[in-house]
Amino acid sequence: MAYFCLDNIYGIMMNKDRCLKPATDEECKKAWLALQDTLDVVGGKWKLVLIAILRGGKLKFRELSREADISPRILSRELKDLEINGLVTRTVLNTRPISVEYELTPYSQTLSEMIVSMHEWGKQHRQRIKEQ
């Protein structure tokens, strides 16, 4: 089975010494699986939006729902996924009525480079669309 090698469109891989070598099917499959893992964790309409909002600090559930303009049902599901993957922590506050606060974990910082790259690409893409 042939896989599209994500490290280079021509199926060339870079090794530690920056030398080029043909990518094997196994290397291409691993590259594809790594991308799929990333999309499984942060893919979809809301996860990166929620991460971006929470970069500003802790928020209670309702505050986050209003800020993201997302329904409570969807927000609950997305936050649960982010928590399972170690990107968000959930703290139940000792208040009446009970409220829940969410914040990013230190592990979420590993997404910073990707978020910045996606932001830059999005700006370029928006500019390209405007010029058409």
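Heavy atoms only: backbone and side chains are in, while hydrogens, waters and symmetry mates are out.
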Distance check, rounded to the nearest 0.5 Å: [X] atom [atom1] versus [Y] atom [atom2]?
| X | Y | atom1 | atom2 | result |
| --- | --- | --- | --- | --- |
| Y102 | L64 | OH | CG | 8.5 Å |
| S65 | L59 | OG | CG | 11.0 Å |
| L75 | L50 | CG | CG | 6.0 Å |
| E103 | R55 | CD | CZ | 14.5 Å |
| L87 | L54 | CG | CG | 10.5 Å |
| L82 | R90 | CG | CZ | 13.5 Å |

Around D69, counting heavy atoms of other residues, nucleotides and ligands shown, do more than 12 lie under 6.0 Å from its CG?
->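 No, not enclosed.
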With a 4.5 Å cut-off on side-chain heavy-atom distances among I, L, V, M, F, W and Y, is there a chain of contacts connecting [X] to [Y]?
| X | Y | result |
| --- | --- | --- |
| L93 | L79 | no |
| L111 | L35 | no |
| I53 | V116 | no |
| I51 | L39 | no |

Is it true that K123 and E120 have a side-chain N and a carboxylate O under 4.0 angstrom from each other?
->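 Result for this pair is yes, salt bridge flagged.
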Would you confirm whether T110, through its side chain, and Y107, through its main-chain N or O, come within 3.5 Å as a donor-acceptor pair?
->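 Side chain of T110 to backbone of Y107, a donor-acceptor pair under 3.5 Å: yes, one is there.
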Taking S117 for its side chain and E113 for its backbone only, find out whether a donor-acceptor pair lies under 3.5 Å.
->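 Confirmed, S117 side chain pairs with E113 backbone.
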With a 4.5 Å heavy-atom cut-off, do Q124 and R128 have their side chains touching?
->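 Sidechains of R128 and Q124: no contact.
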Going by heavy atoms in the side chains, are M114 and T38 under 4.5 Å from each other?
->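 Yes, at least one pair of side-chain atoms sits under 4.5 Å.
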With sequence neighbours left out, write down each residue that passes side-chain hydrogen bond (donor to acceptor under 3.5 Å, both in side chains) with T95, or none if nothing qualifies.
->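 Counting only residues at least two positions away or on another chain, T95 forms a side-chain hydrogen bond (donor to acceptor under 3.5 Å, both in side chains) with S99.
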Results of side-chain hydrogen bond (donor to acceptor under 3.5 Å, both in side chains) for Q127 - residues two or more places apart only =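 Here the qualifying residues are E131.
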Test side chain to side chain contact (heavy atoms under 4.5 Å, CB included) applied to K45 - qualifying residues, sequence neighbours left out |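 By the side chain to side chain contact (heavy atoms under 4.5 Å, CB included) rule, K45 matches no residue at all.
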